[in-house]
Amino acid sequence: MSTTVVLGAQWGDEGKGKVTDFFASNADLVVRFQGGNNAGHTIVVNDETIKLSCTPSGVLYPDCIPVIASGCVVDLGVLMDELKMLKEKNVDTSNLKLSSNAHLIMPYHKLLDELIETRLGKNMIGTTKRGIGPCYADKIQRQGIRVQDLLDENIFSEKVSAILKDKNEIISKIYNAKEFELEEVLNEFNKYRETVSNITTDTSLLVSNAITAGKNVLFEGAQGTLLDIDHGTYPFVTSSNTTAGNAAIGSGIGPKDIERIIGVTKAYISRVGTGPFLTEQENEIGDYLIDKGAEYGVVTGRRRRCGWLDLVSLKYAVRVNSLTELFITKLDVLSGLKELKVNVAYEIDGTEIKDFPREQKVLHAGKPVYKTMKGWDEDISNVTSFEDLPNEAKEYIKFIEDFINVPIKFISVGPERNQNIIRE
């Protein structure tokens with residue numbers, strides 16, 4: 001495996017948790033390089049479902065080092081709860097490493113996230129209200145609190161005291177909400193200091209040394225390509241770069257160190273929150289995909305919006321990530337549908353657009369151009385070979401592969417970590 005990036009090729013929720021877990025079995029390190037606890041990873045092991053939002057998926061393997069790198073923002077309360085949950089499931093978390101440069105999600109970030117979203121009203125972004133955006137905003141404004149600041153009680157107190165004055169003015173005078181007490185904030189974080197000090201390190205050096213030593217390093221993306229702050233469906237995006245280039249930046253290594261980039265996509269498409277979605281099916285097809293695919297957010301529990309696979313956006317994901325291969329999940333969910341559709345172009349004002357549009361109005365006002373294909377009735381959840389799939393399923397996979405011009409090497413046919421077809 002050497003160095004491999006696994007990331008979403010859609011709007012997130014593609015099943016990256018299962019895919020990362022699949023590759024983590026051979027990894028020495030699994031590195032989370034961006035995002036926070038606004039995205040969850042679900043892993044099913046022996047019929048037991050484990051949901052993670054902070055901890056990298058590699059934590060389930062005792063010989064693997066899970067790494068939260070500097071490109072992440074961290075809610076220490078959520079992280080501590082996850083570590084407690086994993087301990088109760090007899091999962092050893094002693095190998096976890098946290099970057100000293102990662103930024104901390106503070107209580108005022110979460111409140112501001114909620115207040116800002118509420119004020120936007122009908123124009124709300126649809127955030128998870130976990131404080132991710134405000135935390136990244138402080139990072140860019142150089143007002144952020146980092147993990148290393150917490151390790152020194154005096155530095156942490158001075159920094160929080162200074163920034164809390166500004167945040168309290170905004171909270172009280174603009175939003176008419178209750179201000180935070182400095183002592184309450186400090187007391188909350190003081191109880192995390194000892195645990196944090198035991199897991200904090202220079203993760204850039206750790207990862208770099210592992211690569212130099214020829215170890216297998218897996219880089220784990222939190223959200224999907226179309227949620228990238230620069231390359232996604234802005235402003236309905238997350239607050240960090242979710243594309244493959246940020247695997248190097250967020251981890252603190254050079255781009256030449258990355259050898260393999262695997263995109264993860266469902267056999268259909270979904271998104272959570274607001275924003276354009278041309279192939280969305282607000283009908284019995286959408287209900288079928290939601291119910292059969294259990295399409296509810298890991299972190300929020302929100303019902304996902306579902307629709308036909310959009311090959312135009314998938315081809316775009318191939319381009320902006322330099323995907324070397326694709327892992328398709330939830331092919332089994334399509335079993336039972338008589339007819340399948342895939343989007344091959346956008347139509348607006350009588351013109352067909354075959355590349356992902358540079359102007360957002362196309363995604364709001366355009367119409368999908370569909371290729372219709374035959375479905376299949378067979379249960380494929382126990383299929384282990386591509387050749388044993390129904391002909392219609394094989395044709396569906398091959399059509400996608402030909403359209404995006406990237407090999408589909410892995411196909412998931414169920415939620416369990418062993419329900420996969422490997423094409424070599």
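We number each residue from 1, following the sequence as shown. What you see is a predicted model; the values in this text were computed from it and never measured.
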We want to know whether N321 and T225 form a side-chain donor-acceptor pair, criterion being a heavy-atom distance below 3.5 angstrom. yes
Do S161 and K165 get their side chains close enough for a donor-acceptor pair, meaning under 3.5 Å? no
For the CD1 atom of I170 and the CD atom of E179, what is their distance to the nearest 0.5 Å? 11.0 Å
First locate atom CE of M373, then atom CG of L309, and finally report the distance between them rounded to the nearest 0.5 Å. 11.0 Å
Is it the case that N101 and Q148 place a side-chain donor and acceptor less than 3.5 Å from each other? yes
Start with the C-alpha distance between F23 and F410, add both sets of side-chain angles, then the distance that settles ring pair (Phe, Tyr, Trp, His ring centres under 6.0 Å), and finish with yes or no. CA-CA 11 Å; F23 289 104; F410 308 92; 5.2 Å; yes
Do you see a donor-acceptor pair shorter than 3.5 Å between the side chains of S53 and E82? yes
In residues 310-317, what donor-acceptor pairs under 3.5 Å come from side-chain atoms, sequence neighbours left out?
unit_1 : atom_1 : unit_2 : atom_2 : d
D310   : OD1    : V312   : N      : 3.1
D310   : OD1    : S313   : N      : 3.4
D310   : OD1    : N343   : ND2    : 2.9
D310   : OD1    : Y346   : OH     : 3.4
D310   : OD2    : Y346   : OH     : 2.6
S313   : OG     : D310   : O      : 3.1
Y316   : OH     : H231   : O      : 2.7

Check whether S251 reaches the backbone of I253 with its side chain - one donor and one acceptor, N or O, closer than 3.5 Å. no
E416 versus N418, side-chain donor and acceptor atoms under 3.5 Å: no
Looking at R32 and G36, would you say the former's side chain and the latter's main chain have a donor-acceptor pair under 3.5 Å? yes
Between CD1 of I422 and OG of S385, what distance do you get to the nearest 0.5 Å? 11.0 Å
Check the pair D149 / K159 against salt bridge (charged side-chain N to carboxylate O under 4.0 Å, His left out), numbers first and verdict last. CA-CA 8 Å; D149 297 326; K159 288 195 172 186; 3.1 Å; yes
Is the W11 to F277 ring centre distance short of 6.0 Å? yes
Can you tell me how far apart CG (L334) and CD1 (I380) are? Round to the nearest 0.5 Å. 7.5 Å
Please report the interatomic distance NZ(K139) to CD1(I145), rounded to the nearest 0.5 Å. 14.0 Å
S70 side chain vs G250 backbone, donor-acceptor pair below 3.5 Å: yes
Do N246 side-chain atoms and N241 backbone N/O form a donor-acceptor pair below 3.5 Å? yes
Polar contact flag, side-chain donor to acceptor under 3.5 angstrom, S412-K18: yes
Residues E14 and T265: side-chain donor-acceptor under 3.5 angstrom: no
For D257, is there any backbone N or O sitting under 3.5 Å from a side-chain donor or acceptor partner on T3? yes
Tested for side-chain contact (heavy atoms from CB on, under 4.5 Å) against V217, the lone hit among V207, I258, D28 is V207
Surrounding CD of E378 (heavy atoms of other residues, nucleotides or ligands, distance under 6.0 Å), is the total greater than 12? yes
Please check if the side chain of E325 supplies one atom and the backbone of V406 the other of a donor-acceptor pair under 3.5 Å. no
Check whether N420 reaches the backbone of R417 with its side chain - one donor and one acceptor, N or O, closer than 3.5 Å. yes
Quick check: does any side chain N or O of D21 sit under 3.5 Å from a backbone N or O of S57, one acting as donor and the other as acceptor? no
If you measure only the distance, is there a donor-acceptor pair under 3.5 Å linking the side chains of D138 and H109? yes
Distance-only donor-acceptor hits, side chain of residues 394-402, under 3.5 Å, sequence neighbours excluded:
unit_1 : atom_1 : unit_2 : atom_2 : d
K394   : NZ     : E387   : O      : 3.3
K394   : NZ     : N391   : OD1    : 3.4
Y396   : OH     : A267   : O      : 2.6
E401   : OE2    : I408   : N      : 2.8
E401   : OE2    : R423   : NH1    : 3.2

Is atom CG of N283 surrounded by more than 12 heavy atoms (other residues, nucleotides or ligands) closer than 6.0 Å? yes
Does the D166 side chain pair with the main chain of E169, one donor and one acceptor, at a distance under 3.5 Å? no
Could you go through the side chain to side chain contact (heavy atoms under 4.5 Å, CB included) check for W308 and E280 one step at a time? CA-CA 7 Å; W308 298 120; E280 182 176 9; over 6 Å; no
Are the side chain of S208 and the backbone of S204 linked by a donor-acceptor contact shorter than 3.5 Å? no
To the nearest 0.5 Å, what is the distance between NZ (K367) and CD1 (I348)? 10.5 Å
Exactly one candidate in R303, R305, K330, R271 meets salt bridge (charged side-chain N to carboxylate O under 4.0 Å, His left out) with E295; the answer is K330
Go through R130 and D75 one step at a time and tell me if the salt bridge (charged side-chain N to carboxylate O under 4.0 Å, His left out) criterion holds. CA-CA 9 Å; R130 298 299 195 269; D75 186 323; over 6 Å; no
Could you go through residues 349-366 and list every donor-acceptor pair under 3.5 Å that involves a side-chain atom there, pairing it with any protein atom two or more places apart or in another chain?
unit_1 : atom_1 : unit_2 : atom_2 : d
Q360   : NE2    : Y234   : O      : 2.7

